[in-house]
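See structure below.
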Amino acid sequence: MKNGVDLHVHTNASDGSYEPEEVVRLATEAGLQAVAITDHDNTNGLARAMEAGARLGLEIIPGIELSADYKGIEVHILGYYIDPKAESLCDLLEIALRNREVRNRTIVEKLRQEGIDVSMEELRQRHPGTVLGRPHIGLLMMEKGYVESVKQSFREYMGKGAKCYVPKINMPMKRAISRILDAGGVPVLAHPFQYELNDPQLRELIELVKGMGCKGMECEYARYDEEQRQYLLDLAEEYGLIATAGSDYHGIPKPDILLGDIRGEYAQVEQLREAK
Ligand code: AMP
Ligand code: ZN
Ligand code: FE
Ligand code: FE
């Protein structure tokens, strides 16, 4: 019997390991009822995922994950039921892509100065049509034997504070949320514990994004324990936000997270649909 929904899943349209069809097949095998495809800064995998979903009888929710700036912190906003053709969203994604390109090139240059032989050409060849990010560079470093895991590539080279770290230029929060709304989508604050905010700070963020049109908050997340989830569920209820569940499945870059690890209630999908 099918059980549960996962509203935060990546494919190789961004930094997930697998093709959209493969991700949909894995989600079907895991017995999920519905899955949202939420690749970083692009919607390139959505059509294929939805086609595969129709074929395999799995409900696919079209989504996206945007990186927004909040007081210098990178905050992720999920957008559900967006129209991938919406012009103002496409314009925004084009700018995000250009910023990523510049940053990736800078990271690669810094790595080369450390004696690590990686190049943009190699990355593009390995991941055609993909929005490239640090995980792709980390994978390449791993395959070439410079590190043992993507995690190590972040810790020792590309993560914040490491020697080849390059900050990302993120779009203003207001713009991320409003372009999701313009595209007919439902904005949701992703993984709230990632931002290292204390309770009053998190409340401030929630109030801000809610005021900008955010309708939900990701409360059940693969890496959050029961206590953390309950704290977020209580906050969502207090602020009248839809509580969502997502694994942030990526495949190889996050090998400890599998599809089926998170199973939110189907009612979340209905709530998101109604919030459109
Ligand atoms: P980027 O978009 O290029 O800044 O890369 C961010 C992505 O890297 C996010 O999707 C994270 O899931 C992933 N990430 C961040 N930190 C780590 C880490 N320590 N190990 C593996 N992946 C990470
Ligand atoms: Zn990612
Ligand atoms: Fe994220
Ligand atoms: Fe994600």
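Atoms within each ligand, like the ligands themselves, are counted from 1 in listed order. Everything quoted here is computed from the prediction, not taken from an experiment.
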Measure the distances from the heavy atoms of R100 to every atom of ligand 1 and state whether one is below 4.0 angstrom. yes
Is ligand 1 under 4.0 Å from a heavy atom in the side chain of D248, in the backbone, in both, or in neither? neither
Examine ligand 1 and decide if any of its atoms is less than 4.0 Å from a heavy atom belonging to H10. no
Going by side-chain hydrogen bond (donor to acceptor under 3.5 Å, both in side chains), H191 matches just one of E218, H8, H76. Which one? H76
Anything under 30° is parallel, anything over 60° is perpendicular, the rest tilted; go ahead and classify H40 against H10. parallel
Going by the 4.0 angstrom heavy-atom rule, the piece of E74 near ligand 1 is neither
Geometric class of the Y18/Y249 ring pair [parallel <30°, tilted 30-60°, perpendicular >60°]: parallel
If you count the atoms of ligand 1 from 1 in the order shown, which ones are under 4.0 Å from a heavy atom of R103? 1 (P), 3 (O), 4 (O)
Would you indicate whether E143, at its atom CD, is surrounded by more than 12 heavy atoms from other residues, nucleotides or ligands within a distance under 6.0 Å? yes
Provide, to 0.1 Å, the distance between atom 6 (C) of ligand 1 and the closest protein heavy atom, together with that atom's residue and name. R134 NH2, 3.8 Å
Considering only Ile, Leu, Val, Met, Phe, Trp and Tyr, and joining two whenever side-chain heavy atoms are under 4.5 Å apart, list the other residues clustered with L78. V5, L7, I61, Y80, Y81, V186, V188, I242, Y266, V269, L272
Looking at R25 and E22, is there a salt bridge between them, counting it only when a charged N and a carboxylate O are closer than 4.0 Å? yes
Under a 3.5 Å threshold, yes or no: a donor from one side chain and an acceptor from the other, between E207 and Y239? yes
R155 contact mode with ligand 1 (heavy-atom cut-off under 4.0 Å): neither
Hey, which atoms in ligand 1 end up nearer than 4.0 Å to a heavy atom of G133? 3 (O)
Might you point out which heavy atoms bring A34 and L58 nearest each other, and give the distance in Å? N-CD1, 3.9 Å
Candidate with minimal heavy-atom separation from atom 10 (O) of ligand 1, of E65, H136, K160, H40: H40
Give me the protein N, O or S atoms that fall under 2.8 Å of the Fe ion (ligand 4), sorted by chain and residue number. H8 NE2, H10 NE2, E65 OE1, D248 OD1
Does the ring-ring contact (aromatic ring centres under 6.0 Å, His included) test come out yes or no for F193 and Y224, once each step is laid out? CA-CA 8 Å; F193 283 119; Y224 297 168; 4.9 Å; yes
Show the nearest heavy-atom pair for residues A49 and P20, with the distance to one decimal. N-CB, 3.8 Å
Could a heavy atom of H250 be found less than 4.0 Å from some atom of ligand 1? yes
Nearest atoms (heavy-atom pairs only) where D41 meets R100: OD2-NE, 2.9 Å
Could you tell me, atom by atom, which parts of ligand 1 come under 4.0 Å of a heavy atom of K168? 2 (O), 4 (O)
Close approach of P135 to ligand 1, heavy atoms, under 4.0 angstrom: yes
What is the closest protein heavy atom to atom 9 (C) of ligand 1, and at what distance does it sit? D15 OD2, 3.9 Å
Suppose we measure from atom 22 (N) of ligand 1 to each protein heavy atom; which comes out shortest, and what is that distance? F154 CE1, 3.7 Å
If we count only N and O atoms by modelled type, under 3.5 Å, do the side chains of N12 and H127 hold a donor and an acceptor together? no
Within the 4.0 Å heavy-atom shell around K254, which atoms of ligand 1 are there? 12 (O)
Atom 20 (N) of ligand 1: nearest protein contact (heavy atom, Å): K151 CA, 3.5 Å
Can you name the closest pair of heavy atoms from R103 and V166 and give their distance? NE-O, 2.9 Å
